[in-house]
Student: 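Pasting in a structure now, in structure tokens, and then I'll have a few things to ask.
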Amino acid sequence: MTRLCGWIIRKAKVGKVLIVEICGNNTKPYVLALKEDRDREIYGLVSELDVGTAICFEGELAPEQKSKRGIEYIARKIEVYAKPIEPLPVDISGKVPALLDTRIKYRWLLARNPVEKAIFRIRAGVLKAAREYLEKNGFIEVQTPKIVAAGAEGGATLFKVQYFEREAYLSQSPQLYKQMLISSFERVYEITPYFRAEKFNTTRHLNESWGIDVEQGFISGVEDVLQTAENLVAYIVDYIRTNYKEDLEILGVDLPKITPPFKRLKFTEAVDILRSEGVEVSETDDLSDAAEKKLGEIMAEKKHDLYFIVGFPWSSTGFYYMREEDGVYTRKFDLDYKGLEIASGGQREHRYEKLIEALRDKGLKPEDFDFYLEAFKYGMPPHGGFGMGVERLIMRMLNLENVREAIMFVRDRSRLVP
RNA sequence: GCCGCCGUAGUAUAGCCCGGUUAGUAUGCGGGCCUGUCGAGCCCGUGACCCGGGUUCAAAUCCCGGCGGCGGCGCCA
């Protein structure tokens, strides 16, 4: 006898049989096939219940498994916990499509549907796999502040918050903090939200998103970081492939195995490739989204779903990336998955004097970064790392059309509730 | 910040261009039928034109404003 709980997601009466599907945390629903003469009491009770009712039942696996959608049980006892006050505002069974806006509004409810739930089960699996891989490889999980004094990384626009009598910001990236920790930990990682105040309105941006942020010290070059990034992604994909087969099946996703090493494409090569395809690209700026997308198509033809773009020009990066001797290129890289940037990182400048120089070259005031620079005075080893966008990774793994589908509660240009 | 598209029952849509019947369909919901359905099926019922103003004999339809949504560019991960 097991006790199983969930919500009625579907009820069908066919002839003398009442078929009820109940879905809890599981992928496949529990199915009860009730007959009036056989299960009189339970049949009477359940036939009065609406879709949406929260119930538990005690029972055992049915000897006959006729359902194509779920696992059949013989129920001995039913406990009713809550009935819906009104019919559900969205179709949980997946029969009637809802617009993205409606789906986002009722995501927490829609997740009763195994298809919708699969995305979030897999999301949990992605983070679990990431932790597992990183722990196995000697990374220690850390937490850095989300309320910060300055943006530091430049670029992205920040959300202001009132911090008592001072002005503060929501952290756009743990970048500088995790680097500081390389003065006392060999390897760290953090699973963290990123807050970005840009007013974007695209299928691939969120104002609150999550990242897997990694930083490792004592590296011999950027190659060490590239390997961590590609092995991490490969581990995650493999983990999902083996542990979430049913969820992938329900989503209709064919997630191919990924084998490192990924192609390393030099930034200059990417520029050449794009130009030979007639795409206008600058040699000194980061690639535009359109160029990245086009490059993704070109790489897909060569069977590269995932590839690094390495050696970005100094003119396009943050001050903290290590510059090559030529002073023009850096050890910054992007990791692209089917034409979408899912991670970005590189080797950092760990030499104090060079960092001061870099700040000045970028037109920044070294004194504004005192708290950060301090960390580079007392034996900072060569190090590097990256930040990987969780929603973007999931979006690409599951072929979701909009990044908003990869997160339960969306924070974007117009959404602050739920 | 710029540009484009869209707002019709709980949900998803047709009708809008070219103003004029009872605003159609699917699904949901209520009811009936049905040999365990797999987005079951059949029958009956229920329920909607985002808000404000304007044009007109007449506005879901045309015009203006507002609010809301979707997407692209810029910027950004």
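Just so you know, these numbers come straight off a predicted model, no measurement behind them. Numbered from 1 within each chain, the chains take letters A, B, ... in sequence-line order.
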Student: Would you mind reading off the distance between A:Leu340 atom CG and B:C76 atom C1', rounded to a whole angstrom?
Tutor: 12 Å

Student: Any idea which of B:G1, B:G36, B:G10 is nearest the A:Ile19 side chain?
Tutor: B:G36

Student: So what does A:Asn201 touch, heavy atoms closer than 4.0 Å: a base, only the sugar-phosphate, or nothing?
Tutor: base

Student: Answer with base, sugar-phosphate or nothing: what part of the nucleic acid does A:Asn113 contact at a heavy-atom distance below 4.0 Å?
Tutor: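 No contact.
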
Student: For the pair made of CG in A:Leu100 and P in B:C5, what is the distance, rounded to whole Å?
Tutor: 21 Å

Student: Which part of the nucleic acid does A:Ser209 contact within heavy-atom distance under 4.0 Å: base, sugar-phosphate only, or nothing?
Tutor: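 The residue A:Ser209 makes base contact.
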
Student: Of the candidate nucleotides B:C70, B:C76, B:G36, which contains the atom at the shortest distance from the side chain of A:Asp289?
Tutor: B:C76

Student: Are the aromatic rings of A:Tyr239 and A:Tyr133 close, with centres under 6.0 Å apart?
Tutor: no

Student: Does the side chain of A:Tyr235 pick up a donor-acceptor pair with the side chain of A:Lys136 at under 3.5 Å?
Tutor: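 Yes - a donor-acceptor pair under 3.5 Å links their side chains.
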
Student: Quick one: which of B:G69, B:C75, B:G1 gets closest to the side chain of A:Arg415?
Tutor: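 Comparing B:G69, B:C75, B:G1 against the side chain of A:Arg415, the answer is B:G69.
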
Student: Below 4.0 angstrom from OP1 or OP2 of B:C73, is there any side-chain N or O of A:Thr202?
Tutor: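 The answer is no; no side-chain N or O of A:Thr202 sits under 4.0 Å from OP1 or OP2.
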
Student: Is the closest side-chain donor-acceptor distance between A:Asp334 and A:Ser344 under 3.5 Å?
Tutor: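 Note: A:Asp334 and A:Ser344 side chains meet the donor-acceptor criterion.
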
Student: May I ask you to say what A:Lys16 touches in the nucleic acid, namely base, sugar-phosphate or nothing, with a heavy-atom cut-off under 4.0 Å?
Tutor: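 Sugar-phosphate contact only.
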
Student: Remember a base hit wins even if backbone is also touched, and classify A:Arg103 as base, sugar-phosphate or nothing at under 4.0 Å, heavy atoms.
Tutor: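 No contact at all - A:Arg103 keeps every heavy atom at 4.0 Å or more from the nucleic acid.
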
Student: Report the nucleotide, chosen from B:U11, B:C73, B:C38, that has the shortest atom-to-atom distance to any side-chain atom of A:Arg204.
Tutor: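 Selected nucleotide (nearest to the side chain): B:C73.
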
Student: In whole angstroms, how far is the C1' atom of B:C70 from the CG atom of A:Asp412?
Tutor: 11 Å

Student: Quick check for you: among B:C29, B:U37, B:A12, whose closest atom lies nearest to any side-chain atom of A:Pro87?
Tutor: B:C29

Student: Rounded to whole Å, please give me the gap between NZ in A:Lys28 and P in B:C38.
Tutor: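 Whole-Å distance recorded here is 17 Å.
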
Student: Quick one about A:Gln172 and A:Arg196 (side-chain donor to acceptor, distance below 3.5 Å, no hydrogens or angles considered), yes or no?
Tutor: no

Student: For A:Ser67, answer base if it contacts any base atom (sugar-phosphate contacts may also be present), sugar-phosphate if it contacts only those atoms, and nothing otherwise; contact means non-hydrogen atoms under 4.0 Å.
Tutor: base

Student: Rounding to the closest angstrom, what is the interatomic distance between B:C16 and B:C62 at atom C1'?
Tutor: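 Result for the C1' pair: 10 Å, nearest Å.
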
Student: Using the closest heavy atom to pick a nucleotide of RNA chain B for each, name whichever of A:Ser288 or A:Ser414 lands nearer the 5' end.
Tutor: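 The 5'-side residue here is A:Ser414.
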
Student: Within 45° of the ring axis of A:Phe312 and under 6.0 Å from its six-membered ring centre, is that where the NZ or CZ of A:Lys332 lies?
Tutor: yes

Student: Of A:Glu292 and A:Arg404, whose nearest nucleotide on RNA chain B comes first from the 5' end?
Tutor: A:Arg404

Student: Counting just side-chain N and O atoms, does A:Arg392 come under 4.0 Å of either OP1 or OP2 of B:C76?
Tutor: no

Student: Taking any heavy-atom pair under 4.0 Å as a contact, classify A:Phe200: base, sugar-phosphate, or nothing.
Tutor: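 It contacts base atoms.
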
Student: Do other residues, nucleotides or ligands put more than 12 heavy atoms under 6.0 Å from the CD atom of A:Gln162?
Tutor: yes

Student: Between A:Lys146 and A:Thr192, is any side-chain donor less than 3.5 angstrom from a side-chain acceptor?
Tutor: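 There is such a pair (donor and acceptor under 3.5 Å, judged by atom type) between the side chains of A:Lys146 and A:Thr192.
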
Student: B:G36 C1' sits how many Å from A:Glu72 CD, rounded?
Tutor: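 So the two atoms are 8 Å apart, to the nearest Å.
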
Student: Check every strand shown and say whether A:Asp286 touches a base, only sugar-phosphate, or nothing at a heavy-atom separation below 4.0 Å.
Tutor: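 The residue A:Asp286 makes no contact with any strand.
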
Student: Tell me whether the side-chain N/O atoms of A:Arg69 come closer than 4.0 Å to OP1 or OP2 in B:G36.
Tutor: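 No, A:Arg69 has no side-chain N/O under 4.0 Å of OP1/OP2 on B:G36.
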
Student: Check whether any side-chain N or O of A:Lys68 sits under 4.0 Å from OP1 or OP2 of B:U37, and answer yes or no.
Tutor: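 Answer is no, no contact under 4.0 Å.
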
Student: Would you mind reading off the distance between A:Leu18 atom CG and B:C38 atom C1', rounded to a whole angstrom?
Tutor: 15 Å

Student: Reckon A:Ala98 touches a base, only the sugar-phosphate, or nothing at all at heavy-atom distances under 4.0 Å?
Tutor: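 Sugar-phosphate only.
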
Student: Base, sugar-phosphate, or nothing: which does A:Glu401 touch, judged by heavy atoms less than 4.0 Å apart?
Tutor: nothing

Student: Look at A:Arg413 and B:C76 and indicate whether a side-chain polar atom (N or O) is within less than 4.0 Å of OP1 or OP2.
Tutor: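 Answer no for this pair, as no side-chain N or O of A:Arg413 is under 4.0 Å from OP1 or OP2.
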
